[in-house]
Asker: 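Take a look at this one; I'll ask things after.
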Amino acid sequence: MSYNFKEVEKKWQDKWDKEGTFQAKQDFKNPKKWYGLIEFPYPSGQGLHVGHPRSYTALDIIARKKRMDGYNVLYPIGFDAFGLPAENYAIKNHVHPKITTENNINHFREQLKSLGFSFDWSREVNTTDPDYYKWTQWIFIQLYKKGLAYKATMPINFCTGCKVGLANEEVVNGVCERCGSPVVQKEKSQWMLKITEYAQRLIDDLDDIDFLEKIKAQQKNWIGRSEGAEVNFKIDSTDDSLIIYTTRPDTIFGATYMVIAPEHKMIEKQADKITNLAEIKAYQEKAALKSDFERAELNKEKTGVEIQGLKAVNPLTGEKIPIWVSDYVLITYGTGAIMAVPAHDDRDFAFAKKFGLPMKQVIEPKNASVKIDLEKEAFTDVEDGVAVNSDFIDGLPVKEAIAKVIEYLEANKIGTKKVNYKLRDWVFSRQRYWGEPIPMVYCETCGWVPIPEEELPLKLPDIEDYEPSENGESPLAKQLDWIQTKCPHCGKKAMRETDTMPQWAGSSWYFLRYMDPHNEKELASKEALEYWSPIDWYNGGMEHTTLHLLYSRFWHKFLYDIGVVPTKEPYQKRTSHGMILGTNGEKMSKSKGNVINPDDIVEEFGADTFRVYEMFMGPFDQVAAWSMESIRGCGKFLDRVWNLKDMLVDDENYLPEHEKMMHKAIKKVSNDIEEMKFNTAIATFMTMVNEFYKDKKLSKGEYKTFLQLLNPFAPHMTEELFEEIGESKTIAQTPWPTYDEAKTIDDQIEIPIQINGKLKTTITIPKDLAEEEIRKKVHENEVVCKNVENKTIVKEIYVNGKIYNIVVK
RNA sequence: GCUGAUGUGGCGAAAUUGGUAUACGCACAGCACUCAAAAUGCUGCGGGAAACCAUGUGGGUUCGAGUCCCACCAUCAGCACCA
């Protein structure tokens, strides 16, 4: 009888749905809880991508195993449904995003169910549901109340395609992360969130959580902490001074000029003293036309203009040094001004070379054998440097010199120790319709006032015209009757904020809502938060490391600070899956025509085969190209499993000839699941099946264990087969198989014998044989005799149970 | 340039963490079943006649290295004038 996966899969999916098999237990009695989380999808019109199930299947396997291990498991799902595609679709086709979103969610839900994930569907959340975004808005108001949300007019990244402001994190290579249009700088009043206030904690607390090393490294890199000093350089014959930031205060004696960013306000302040103001202004204008990206692109050639009429005074040498304007100094980092030490900084070196500026060596290599050539390149080595020509720090290694200079600067009040971060505050406004309205009102008298919390949610009004206005205002700006309101503070006429929140808002806390999704009084109850926090395991894409993952950690820390959540960090463990590429090894895209539709795969091979294949493709954390031949192989494997029932021997125990294999397999599969080594777990299953086929028999006990182990991978087929042998329970209700360590050890072991480290032969011995006996056996061996003949044995090494090596001369 | 990975058969990949390199799968070939094909089952499958040689390249440590150390090369991802 052949396997009808369509019928079987439908049968079990319906049963799970009807019985709510995988719903998390509502009571909090079981102290063993496990909360597994996958990134909830954006319900795009294209439907599910084959990449989604890679992550979902992995955690589904772990979740199913954890349930069998006796845990109360929460494995929820929802939809991150605000965002531009639905809005752009609405602009084109005049269909309300609400409708598109609902249709897409229905499609996604069906697709996800067809894959047999053990999600708790009773907790499904949807970020566009007013009952949900009520709490997103509530969190925003709390941020505002604590001074962490503020309005600022500042140059922002503006996407010329989407016509919205973007956060730094959303700009990739100078173009919009979403639509690929060029990004320009634009002055705009925006809501900002002070993520920078949490920069240090976002670094420090990484030490206490189990994130993949590359994720931690990427987050640290993005936050970009650097330690240094701010130093005050007086401007000669004025009361003004230039504050610079440096990580190398030890090189201050080698500062031969200063550089300020074109936007630096000192230029305006000292305009009357500058003798070449026209030239400076021209340079400023030229720089303003370039985006940050273009500036960085023009990496090779540095440009700049000297400010005539002004000199800075080196506070340690008293030397008067020139001041230059150049766009290699960024106004957005540090103080927008630097001291240039061309002998010990690559960029300063390039600039000094180009403009013929003087260089002064103040650091030399400790290691005399290191040759440096300051004509060719700067000497920047921190580990190997010693100060010279530097007065009171002469002879000190760089690190000590830095400490000494800072001490001096602070004692003389000309500078302070300072930590800087690359991380910037989060631009939180979007001039778009399909997002959470920002619950703020502007009153002429009172300024910005949050709307009263009891009025939440502030619902998004229904509109007809989704087109953003040409001046870049949100479509909501045209909804006059919605905008006009009363000031909650003084009662006078006031206007609503028309910007909406970015897509990252709803996803910054959704995992909390899953804990108590229908709560009308709080975002989640204290009990639920206490019980389920933190998330035990969160798997998602690397592309979210500096966006979603950082943002949600920030919000969570804030919620911790105001006493809403019980843990500092939301996620105890974070892992990441590799991308699935098309059959040609390229990223799947419509234009390349290499998109694999999960529906087609389920239709042709069934969900179980699909799941097994995605887990068998290769190491979970690495990219893998789709292969139609390989998925067929996985289908063949499941067919062989299906046909095992013809070889069943009626015996509840393991057969003697299979006992070792069974115990080893339980151990291997259990460990592999915990370590996400799904591919080798499946290889173990295949080896077992090959063994059963070879012997043409397996006991009922072996069969049951095998089905239990395979169940998290191929849940439908295994449940069906389990039911067929007359089991009253489903596999999901049975405990995970256990193994006996003693029974995983072979009685007879094969020992490889090497001569001079090269394998010559092997002998088989009982596992506990004494070393003397083994030695005797080795020397009786024919191959060994031949190889040691006429040679002197220098040494013999026996590593217990592993190897025997004879060294001869 | 910086950070983090990766490099093993024709292909996807394993290797108990320093101890028999190539498990498992795909592709391929042969055999069985069949009138035939498909499906299925079984067998073989790094190179070499062999000694031996093979884990990106070149060194090193070790009785022994895919695994550790040093120096390179290539590919991928992220960041990038961050002072």
Asker: If you measure from the C1' atom in B:rC79 to the same atom in B:rG10, how many Å do you get, rounded?
Answerer: 38 Å
Asker: Just checking A:Phe616: base, sugar-phosphate only, or nothing, at a heavy-atom cut-off of under 4.0 Å?
Answerer: base
Asker: With a 4.0 Å heavy-atom cut-off, tell me which residues in residues 630-641 of chain A come close to RNA chain B, sorted by residue number.
Answerer: A:Gly633, A:Lys636, A:Arg640
Asker: Can you tell me if A:Lys214 touches the phosphate of B:rA5, counting only side-chain N or O atoms and a distance under 4.0 Å to OP1 or OP2?
Answerer: no
Asker: Would you mind classifying the nucleic acid contact of A:Glu750 as base, sugar-phosphate or nothing, using non-hydrogen atoms under 4.0 angstrom?
Answerer: base
Asker: Do the side chains of A:Arg248 and A:Asp250 get close enough for a salt bridge, i.e. N-O under 4.0 angstrom?
Answerer: yes
Asker: What's the closest nucleotide to the A:Pro619 side chain, out of B:rC24, B:rC79, B:rA13?
Answerer: B:rA13
Asker: Establish whether the base of B:rC79 is bridged to the side chain of A:Lys422 by a donor-acceptor pair shorter than 3.5 Å.
Answerer: no
Asker: Taking atom C1' of B:rC79 as reference, at what distance in whole Å does atom OH of A:Tyr333 sit?
Answerer: 14 Å
Asker: Classify A:Lys667 by what it touches in the nucleic acid, base, sugar-phosphate, or nothing, heavy-atom distance under 4.0 Å.
Answerer: nothing
Asker: Counting only side-chain heavy atoms from C-beta out, which of B:rG41, B:rC24, B:rC52 sits nearest to A:Lys760?
Answerer: B:rC52
Asker: Please give the distance between the C1' atoms of B:rC33 and B:rC24 as a whole number of Å.
Answerer: 27 Å
Asker: Kindly say if A:Lys587 contacts the phosphate of B:rA77, meaning a side-chain N or O under 4.0 Å from OP1 or OP2.
Answerer: no
Asker: Taking the C1' atom of each, how far is B:rG25 from B:rC72, in whole Å?
Answerer: 35 Å
Asker: Does atom NZ of A:Lys777 have more than 12 heavy-atom neighbours from other groups under 6.0 Å away?
Answerer: no
Asker: Under 4.0 angstrom, heavy atoms only, what part of the nucleic acid is A:Val799 near: base, sugar-phosphate, or nothing?
Answerer: base
Asker: Looking at OG1 of A:Thr256 and CG of A:Asp348, how far apart are the two atoms once the value is rounded to the nearest 0.5 Å?
Answerer: 8.0 Å
Asker: Taking atom C1' in both B:rA15 and B:rU67, what distance in whole Å separates the two?
Answerer: 10 Å
Asker: From B:rG78, B:rA83, B:rC53, pick the nucleotide closest to the side chain of A:Gln218?
Answerer: B:rG78
Asker: Answer yes if the ring centres of A:Phe692 and A:His658 are under 6.0 angstrom apart, and no otherwise.
Answerer: yes
Asker: Checking one value: the base orientation of B:rU20, syn if chi is within 90 degrees of 0, otherwise anti.
Answerer: anti
Asker: Distance between the C1' atoms of B:rA27 and B:rA71, in whole angstroms?
Answerer: 39 Å
Asker: Hey, what's the ring geometry for A:Tyr798 with A:Tyr804, parallel, tilted or perpendicular (30° and 60° as the breaks)?
Answerer: tilted
Asker: If we take the P atom in both B:rU55 and B:rA21, what is their distance in whole Å?
Answerer: 12 Å
Asker: Taking the C1' atom of each, how far is B:rU16 from B:rC11, in whole Å?
Answerer: 26 Å
Asker: With salt bridge (Lys or Arg N to Asp or Glu O under 4.0 Å) as the criterion, how do A:Lys399 and A:Glu383 come out once you've worked through the C-alpha distance, each side chain's angles and the decisive distance to 0.1 Å?
Answerer: CA-CA 8 Å; A:Lys399 280 178 188 161; A:Glu383 297 304 322; 3.1 Å; yes
Asker: In chain order, what residues pass the side-chain contact (heavy atoms from CB on, under 4.5 Å) check against A:Asp204, with sequence neighbours excluded?
Answerer: A:Gln200
Asker: Looking only at side-chain N and O atoms, does A:Tyr328 come under 4.0 Å of OP1 or OP2 in B:rA83?
Answerer: no
Asker: Would you mind reading off the distance between A:Ile803 atom CD1 and B:rA65 atom C1', rounded to a whole angstrom?
Answerer: 12 Å
Asker: Can you tell which of B:rU6, B:rA83, B:rC24 lies closest to the side chain of A:Ala683?
Answerer: B:rC24
Asker: Other residues, nucleotides and ligands only: do more than 12 of their heavy atoms fall within 6.0 Å of NZ on A:Lys758?
Answerer: no
Asker: Tell me if B:rG9 is syn or anti. Syn = glycosidic torsion within 90° of 0, anti otherwise.
Answerer: syn
Asker: For the pair made of CE in A:Met579 and P in B:rA5, what is the distance, rounded to whole Å?
Answerer: 18 Å
Asker: Less than 4.0 angstrom from a charged side-chain N to a carboxylate O is my criterion; do A:Arg54 and A:Glu614 meet it?
Answerer: no
Asker: May I have the distance from A:Lys677 (atom NZ) to B:rU16 (atom C1'), rounded to whole angstrom?
Answerer: 8 Å
Asker: For A:Phe692 and B:rG41, give me the distance from atom CZ to atom P, rounded to whole Å.
Answerer: 16 Å
Asker: Thinking salt bridges, do A:Arg225 and A:Glu227 make one under a 4.0 Å N-O criterion?
Answerer: yes
Asker: Looking only at the aromatic ring of each residue, does the gap between the centers of A:Phe5 and A:Phe605 stay below 6.0 angstrom?
Answerer: no
Asker: Let me know, please, whether A:Asn679 or A:Lys696 comes out on the 5' side of the other along RNA chain B by nearest nucleotide.
Answerer: A:Asn679
Asker: Is any side-chain N of the basic residue among A:Arg574 and A:Glu39 closer than 4.0 Å to the acidic one's carboxylate O?
Answerer: yes
Asker: Let me know the distance between OH of A:Tyr613 and P of B:rG12, rounded to the nearest Å.
Answerer: 11 Å
Asker: For A:Leu759 and B:rA54, give me the distance from atom CG to atom C1', rounded to whole Å.
Answerer: 15 Å
Asker: Report yes if at least one side-chain N or O of A:Ser627 is closer than 4.0 Å to OP1 or OP2 of B:rC11; otherwise report no.
Answerer: no
Asker: Below the 4.0 Å mark, does B:rC42 have OP1 or OP2 next to a side-chain nitrogen or oxygen of A:Asn690?
Answerer: no
Asker: Under a 3.5 Å cut-off on both pairing distances, which runs of 3 or more consecutive Watson-Crick or G-U pairs involve RNA chain B?
Answerer: B:1-7 with B:73-79, B:10-12 with B:24-26, B:28-32 with B:40-44, B:56-60 with B:68-72
Asker: Scan A:Lys668 against the nucleic acid and name what it touches under 4.0 Å (heavy atoms): base, sugar-phosphate only, or nothing.
Answerer: nothing
Asker: Under the 3.5 Å rule, do the base of B:rU20 and the side chain of A:Gln754 count as making a donor-acceptor pair?
Answerer: no
Asker: Rounding to an integer number of Å, can you tell me how far A:Leu212 CG sits from B:rA77 P?
Answerer: 18 Å
Asker: By the definition side chain to side chain donor-acceptor pair (under 3.5 Å), identify the one residue from A:Thr684, A:Asp746, A:Thr687, A:Thr744 that meets it with A:Lys664.
Answerer: A:Asp746
Asker: Which residue lies toward the 5' end of RNA chain B, A:Asp348 or A:Met542, if each is placed at its nearest nucleotide?
Answerer: A:Met542
Asker: Can you see if the side chain of A:Asn221 gets near the phosphate of B:rC2 - specifically, an N or O under 4.0 Å from OP1 or OP2?
Answerer: no
Asker: Write down the distance separating the C1' atoms in B:rG4 and B:rA80, rounded off to the nearest Å.
Answerer: 15 Å
